[in-house]
Amino acid sequence: MLSLNLSGRSFCSSTIIFPYQMKGNLRSYSIYVARLEPYEKSCRSFVCNEKSTSNSSIKHYVDHKPEDVQPPSAHPVDVLASILEELKAVRRCLLASENRDLCRLNLCHRNYLDSAMNLCHHLALKCLDLQRLNEDLCSVGLQSLESIDPSVLPCIDTIIQLLELSVGTTTAGEEGRNERAAAASAMRERGFSHATALFGPYQDSGQVHVMVTAGKEAISNETLIADLLKAGADVIRINCAHDDPTVWSEIVRIARQSSASLGKSCRVLMDLAGPKLRTASLLVNKIAAVVSPESDDSGDMLSPARIWLCCDGRSPPSNESCHAILRIGQELFGELRVGDTVSFVDPTGGRRPVMVVEKYCRSGCVAECSEAAHISLGGTLQVDKEDKKVSGQILKILIVERYITVETGDVLTLTRSCCVAENDLHDDRHDSTMITCSSDHIFNSVKPGEPIAFDDGKIWGMIQAKNSNAIVVMIVQANAMGSKLGTKKSINLPKSDTKLLRGLTSKDLADLHFVAANADIVGISFIRDANDMASVQRELEKWNVPALGLMLKIETREAVDNLPQLLLQAMQSSNPIGVMIARGDLMVECGWDQLGEIQKEIMAVCSAAHIPVTWATEVLDILIKSGFPSRAEITDVANAMKASCIMLNKGKHVVDAVAALDSMLCKHTDRRRKKMPPNLPSKSSRL
């Protein structure tokens with residue numbers, strides 16, 4: 001590694017590699033190479049040493065206190081000249097980084113070319129240790145390089161210009177100064193225009209959009225979405241991990257209709273489920289149970305109870321929603337046909353008939369029950385054939401629950417989605433719980449002793465044992481009063497070598513057709529690198545949807561590390577782009593102690609790329625659920641105002657929460673306007 005000394009001696013052109021200097025989590029920044037031309041101005045020394053973690057060893061010329069700060073022209077010319085030469089060296093480094101990534105930059109769509117270049121300059125700047133230089137800039141009353149993310153090169157050019165005027169070496173006229181000021185302003189406006197392209201025009205509350213998640217409750221209460229729009233929301237989010245296209249299309253219809261009738265802008269975002277690990281069925285082992293059809297308040301049957309009958313322990317297909325799973329003998333199962341009536345013989349000797357309505361080859365049968373049926377372990381099932389009667393025993397009863405309550409010390413068993421058969425790890429005690437998982441590949445990679453989290457880290461467990469079909473989990477952290485765990489809740493394995501499936505799942509591909517035709521923005525869940533982004537872009541090309549917004553959901557450590565590459569890949573298409581900080585999975589994957597710093601880093605990279613950010617997960621969550629906010633979540637909103645959009649989840653008091661958020665945004669905007677001076681003097685007049 002070469003050592004470069006700029007302390008007053010001239011030197012030959014040399015290639016300097018600035019060391020890898022990242023202090024945070026974005027480890028994928030490039031190492032940029034700068035070729036510096038000889039010059040003889042006096043400035044401080046930059047030292048590049050392969051054994052050093054710092055590339056800057058600068059003598060601090062000015063001892064100052066905050067109250068001593070003076071305008072540039074009030075400081076010695078030699079001090080200003082040395083700072084000027086350091087800035088020029090930094091500028092050369094930025095231009096070198098631009099040249100180095102020119103091939104990738106040229107692939108970007110013209111809408112994003114300037115933003116991609118600014119991102120490149122930002123990444124190069126973050127590779128340098130500029131702490132002393134920033135202190136020196138502040139000491140002479142100039143802007144620190146820490147706050148120039150939206151317009152890196154124009155801001156550096158402006159600072160250089162001010163210093164040149166102070167030391168009397170400038171050659172630029174008033175026209176040149178105005179051009180640089182206009183360039184910096186245009187850069188900052190790009191973030192505003194990109195946010196408008198993605199989310200639509202801003203509301204009266206200021207330059208922050210409000211997104212709200214909507215589900216089935218928006219259909220049962222048709223005024224809900226209209227009330228949300230009146231309160232200040234302007235983006236409605238639908239999670240494709242829940243419900244189906246019938247429900248989604250109705251929510252979209254209501255959102256469009258409410259937007260048109262109120263004359264308010266409303267974009268629809270639909271999140272693809274992605275390759276996320278989730279709980280599927282929650283199965284509780286029973287020795288006796290009652291299976292009843294669903295009824296309304298007057299007692300009239302709405303739908304019959306559905307029972308899955310199997311002989312080898314296979315669980316029902318994902319498209320079948322059953323209330324109970326019964327394992328029966330092979331002889332009885334082999335005789336069952338669609339249309340057969342099977343009778344349960346209850347403990348009192350009474351019979352309850354159920355009808356077989358579907359048979360899946362050797363997997364199992366679906367039977368429907370129109371009356372309450374009492375089922376007991378070891379009880380008898382009987383089917384009447386034309387020429388004989390066939391009977392058998394109930395060997396196992398598993399009741400499908402919508403949710404379970406778990407406490408510290410409880411034991412859960414995770415099983416493959418295709419198997420609820422007996423094995424040496426299953427706990428067959430009364431009320432023991434089995435959870436089927438949405439993906440089978442975790443059973444081959446997890447190890448005993450590794451932590452596992454459920455429902456965005458609300459419940460934590462430790463893996464006790466495993467085999468090819470089951471994982472036994474001991475719950476080590478839950479609410480003191482018990483924590484509810486429902487279906488389709490997240491499963492995270494932060495310390496495991498388990499790798500999620502890459503790209504779009506089969507469900508995502510099926511849902512994407514609906515999303516492309518009905519939504520304004522598609523949320524890409526668990527995207528991790530540029531290859532994932534490219535696969536999404538290739539799929540969208542089939543639908544010819546250049547106006548469809550792309551929301552990159554940052555939920556894993558890998559996505560954080562690869563964020564610059566993700567953005568540069570996304571910029572190759574003309575689609576509006578956004579980034580969502582999905583703090584639920586992100587906190588579990590990266591650790592709660594790192595979440596705050598990671599948020600800042602994501603915001604900084606997106607600010608440099610002029611990409612709007614959505615601040616998501618548990619914003620005003622207590623207010624939404626209880627009607628009263630906590631102090632901490634009000635402070636969270638204050639930080640969230642730095643983003644382009646704030647997302648709220650659904651809940652009983654969500655309309656009140658949107659109204660409260662809108663009020664806070666209005667007050668924040670008013671304060672900003674009051675702080676802005678009406679007429680700023682020109683830069684030349686301040687020197």
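The figures here come from the full heavy-atom set of this structure, side chains too, leaving out hydrogens, waters and symmetry mates.
What you find for Ala609 and His194 is that their closest heavy atoms are O-ND1, 4.5 Å. Ser607 and Pro150 get closest at one heavy-atom pair: OG-CG, 3.5 Å. Of all heavy-atom pairs spanning Ser303 and Pro293, the tightest one is O-CB, 3.4 Å. Closest approach of His242 and Trp248 over heavy atoms only: O-NE1, 3.0 Å. Listed here is the closest heavy atom pair of Gly578 and Ile611: CA-CG2, 3.8 Å.
For the residue pair Asn111 / Ser574, no side-chain donor-acceptor distance below 3.5 Å is found, with atom types taken as modelled. Residues Asp508 and Thr505 bring a donor and an acceptor atom of their side chains to less than 3.5 Å of each other. Arg557 and Gln594 share a donor-acceptor pair across their side chains, judged by distance under 3.5 Å alone. For the 3.5 Å distance criterion, the side chains of His121 and Glu98 qualify, holding a donor opposite an acceptor. Defined by atom type and a distance below 3.5 Å, a donor-acceptor pair is missing between the side-chain atoms of Gln257 and Glu222.
One finds the CD1 atom of Ile442 at 5.5 Å from the CG atom of Leu277 (value rounded to the nearest 0.5 Å).
Using a cutoff of 4.0 Å between basic side-chain nitrogens and carboxylate oxygens, Lys276 and Asp585 are scored as salt-bridged. Classification of Arg306 and Glu368 as a salt-bridged pair holds, one side-chain N sitting under 4.0 Å from a carboxylate O. Taking a cutoff of 4.0 Å between a charged side-chain nitrogen and a carboxylate oxygen, Arg237 and Asp271 qualify as a salt bridge. A salt bridge does not link Asp455 with Lys488: every distance from a Lys NZ or Arg NE/NH1/NH2 to an Asp or Glu carboxylate oxygen is 4.0 Å or more. A salt bridge is defined here as a Lys NZ or Arg NE, NH1 or NH2 lying under 4.0 Å from an Asp or Glu carboxylate O, and Arg190 with Asp114 meets this definition.
For the pair Val252 and Glu250, the minimum side-chain heavy-atom distance is 4.5 Å or more.
Sorted by first and then second residue, the pairs that involve residues 539-581 and meet ring-ring contact (aromatic ring centres under 6.0 Å, His included), not counting sequence neighbours, are His513-Trp543.
Remark: Lys484 is positioned above the aromatic ring of Tyr403, its terminal NZ or CZ atom under 6.0 angstrom from the ring centre and at most 45 degrees off the axis.
Remark: of the listed residues Val605, Ile554, Leu566, Ile554 is the sole one forming a side chain to side chain contact (heavy atoms under 4.5 Å, CB included) with Val560.
The salt bridge (charged side-chain N to carboxylate O under 4.0 Å, His left out) search around Asp529 returns Arg502, not counting sequence neighbours.
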